[in-house]
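Chain identifiers are assigned alphabetically (A, B, ...) following the order of the sequence lines, protein sequences preceding nucleic acid strands; residue numbering begins at 1 within each chain. These figures come from a predicted structure and were not determined experimentally.
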Amino acid sequence: MDMFDQLVLAEDRASTAGSKAGPGSAADKLLKGLNPQQSQAVQHRDGPLLILAGAGSGKTRVITHRIAWMVQVENIRPSSILAITFTNKAAAEMKSRIEALVGGASSSMWIGTFHSMLLRILRRYADRLGFTQHFTILDSDDQQRVIKQCFKELSIDDKKFPVRMVHGRIGTAKNSLIGVEQYEREAGADFIQEKVAKVYSRYQQILKQNNSMDFDDILFEAVKLLDNNPDVLEQYQQRFQYIMVDEYQDTNHAQYRLVHMLSAGHKNLCVVGDDDQSIYSFRGANIQNILDFEKDFKNCTVIKLEQNYRSTNNVLQAANAVIKNNRGRKSKQLRTELPDGDLITFYKGENHSEEARFVAREISRRADGSDSEQPFGEIAILYRLNALSRNLESALREQGVPYKIYGGTRFYDRKEIRDVLAYLRLIMIPDDRLSFARVINTPRRGIGDATVAAIDAIAARTGQAPLEICRQAGQYPELARASGRLMLFHELIDGFRKLLSHGEISLAELIESVENDSGLIQEIIDQQEKSSVNDSVDRIENLKELLSDAVEFQSSYLEQIKSVRENPEQAAAEDLEGADESLVSALSAYLERATLYAELDGDTQQDNVRLMTIHSAKGLEFDTVFVVGFEEGLFPGYRSMESEEAIEEERRLAYVAITRARKKLYITTAGSRLIFGQTQAFRVSPFVLEIPDQYIEEIGGARFGGSYSRGAAYGSDRKPEGATAAAGGATGASEPFSMAGRGRIQFPGAPASQASKSPLQGFGQKPADRREESRKQQGIDPATLRRGDRVKHQKFGTGRIEQITPVANDAILVVEFEKHGIKRLMAKMAPMEKI
DNA sequence: CCTGTTAATTTTTTT
DNA sequence: AATTAACAGG
């Protein structure tokens, strides 16, 4: 404690010195421009506080200012503050805003998602739960694999019991803190429940054996830990004297319990939320948590923020009109003093591509328009389903509008990336069976289901790790056929392990070695000729991007270690406990980030139009918002249309979407669209009809009525082509330089440096140390190659280059060899030279 | 026993 | 459209 106090003193001095005229002025600054309710919330210090914050009511401002107030005015120790958000994006946002207010003091606060924060705790006390400190985390894809495996073992028919459904039930159980035993008890004679209980039980068993937890376990196990270990609970109760929870309406039961346990002593709990914005019931969120807060804490203070500062009146009234159709809500009415502003524009296109084109043109019109120029970064396109982003992408490309897609198949979820990550995990943890199973025959190396099953059987019998069985494959008669290939596989992994333990190379170099030597890249290249869809370029670019990501990660990781050494008070210290500069340590941190942080961080400040689901847009705001696909069946989704409750949640989602807009809102629909592999005609969503006429103007077809008029202001007769497309720089699919996987834009004209300026460039040629183990960088710089050039390959002899396809800062070559026929190779990687 | 091809089935939202 | 299951051929 002594050391703590000294640090506190140092911070006090810093904060008073920072505000020139003493604490009074800091206080003034924090309260400036706030309305009475906001100001009251900021100054609230002790005891439970419920802030009912309508959309756009300055909620984040209140939270950040309140935290700054606690630190600067109340002299509360920053490290005793815990702020919980739902998404990493929101946490990052909050962190940076708090840092802007209080500076370095923010680094010792815990600001993060439930999952990231609990993971810190769980790692530290993993042994109390029967895990080791480095347990792994399964994402939902991994979960489904395990469930499938359970089905196989228990011979359950996945036709009768969809994996998704069982997965969902197990998740729901965990979110409600129902463990295996209780589930089994309650299942009773119910046939389905009984089966689910069997799977649940086996599933947990497998996870435990693999020393792993899934996302839901993070919550479940954390509750268990605190429940069964009073000393641990007390430690964190002591530590977190002030707790804030954002988006409280979206907490599930487990999260509710956690918050209550942690704040049980001091009751300094401040929750912020809006029942109208509860949109996560599918993952167990319970609105009742916020509605009952006053009951849970008898003497709590309630502050309502009903003044909206975000949206113009037309937008806000439209939102109010929609949400008031919900029955299960606390009645409230948001006000704004802003002017009416533009009407909401409703557009109905004939089909999805017309809709997308309308959006794209409208965006370039607004952005280029001489009268009121609008940066791309202030425009967002929102949709109910990720699947809707595809149409938009091509239309935006045609118009040359820069954009970035958030969410969707997230970077780390891409198949090729997951494959690499599985290799890395297996290298780290040789007895990780899940990764082994994923990777053993990826790329194809002649080891099929039967062999894997045999390995499983041996593993179950002898308790050896699968990899070890591969090493000794010769000893087992049932593996005789594949033994050669199995031993080769073991050698491959063992080679990687040596690279890792020597630790003389960078993380990126290790990953690059995996990408090349495993044959993953080669397989992608080879697929290029077979499959008609040419996504090999994208996939390879993703793999290259993973390398730059690793470079970035490692340098910031090393920096963080250094900074924590100097100032161990930082919250990050917990994550880095036992961490050092070694490669193993970096890899382990990297893998953790990959599972927990779906987004690749970085260029958040770029001037791109943002595309995302409404769910991920929660908490964000933009000058101009397009909500596309506002059709019955999509939004509300057809699955929600049976129950009134589900419809109400969809309506809240519509409310969230509408209230993201500051100045201008577009709502668009299409008379018919290609989705789920079929062209379907949808009606306009009933939610749109709930907006009174006075707030909305219609283009290209009325909201009401079945038929739609064609081509009003933005007809389909004027197709964008030629000049328009060329002006954008990126042209159609024929162009060899394609978009990088996630919509990052590369201009073909620009030298390769723009995208590949990464620190990675040329690291292969580092002359320092030449180890036999590492790849010999004998390839050729693709920039020096032309079609028709002759090359000499180590294995294939001489040949002629038939085709060059640029990829990231490398290129795929199609080479016709004199003796070995046509091969596809990466220019920089292949062991060959120009002749 | 493994692989590639064809047929069939399936689609929310996130940590 | 895209992923996955069943099937035939090597």
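At a cut-off of 3.5 angstrom, counting only N and O atoms as typed in the model, there is a donor on one side and an acceptor on the other between the side-chain of A/R283 and the base of B/dT14.
Nucleic acid contact class of A/S116 (heavy atoms, under 4.0 Å, all strands): none. If you check every strand for non-hydrogen atoms under 4.0 Å, A/L674 touches sugar and phosphate atoms only. Across all strands shown, A/N441 has heavy atoms under 4.0 Å from sugar-phosphate atoms exclusively, and none from any base. Using a 4.0 Å heavy-atom cutoff across all strands shown, A/D139 reaches no nucleic acid atom at all. The residue A/S640 sits apart from the nucleic acid: no heavy atom pair falls under 4.0 Å.
Using a 4.0 Å cut-off between charged nitrogen and carboxylate oxygen, A/R683 and A/E632 count as a salt-bridge pair. Using a 4.0 Å cut-off between a side-chain N of Lys or Arg and a carboxylate O of Asp or Glu, A/E221 and A/K224 qualify as a salt bridge.
Within the 4.0 Å cut-off from OP1 or OP2 of B/dT14, not a single side-chain nitrogen or oxygen of A/S140 is found. Not one side-chain nitrogen or oxygen of A/S616 sits closer than 4.0 Å to the OP1 or OP2 atom of B/dT13.
A/E247 places no side-chain N or O within donor-acceptor distance of the main-chain N or O of A/T85, the cut-off being under 3.5 Å.
Stacking annotation: A/Y280 is not stacked on the base of B/dT13 (requires ring centroids less than 5.5 angstrom apart and an interplanar angle below 30 degrees).
To the nearest whole angstrom, the two C1' atoms, one in C/dT4 and one in B/dT13, are 23 Å apart.
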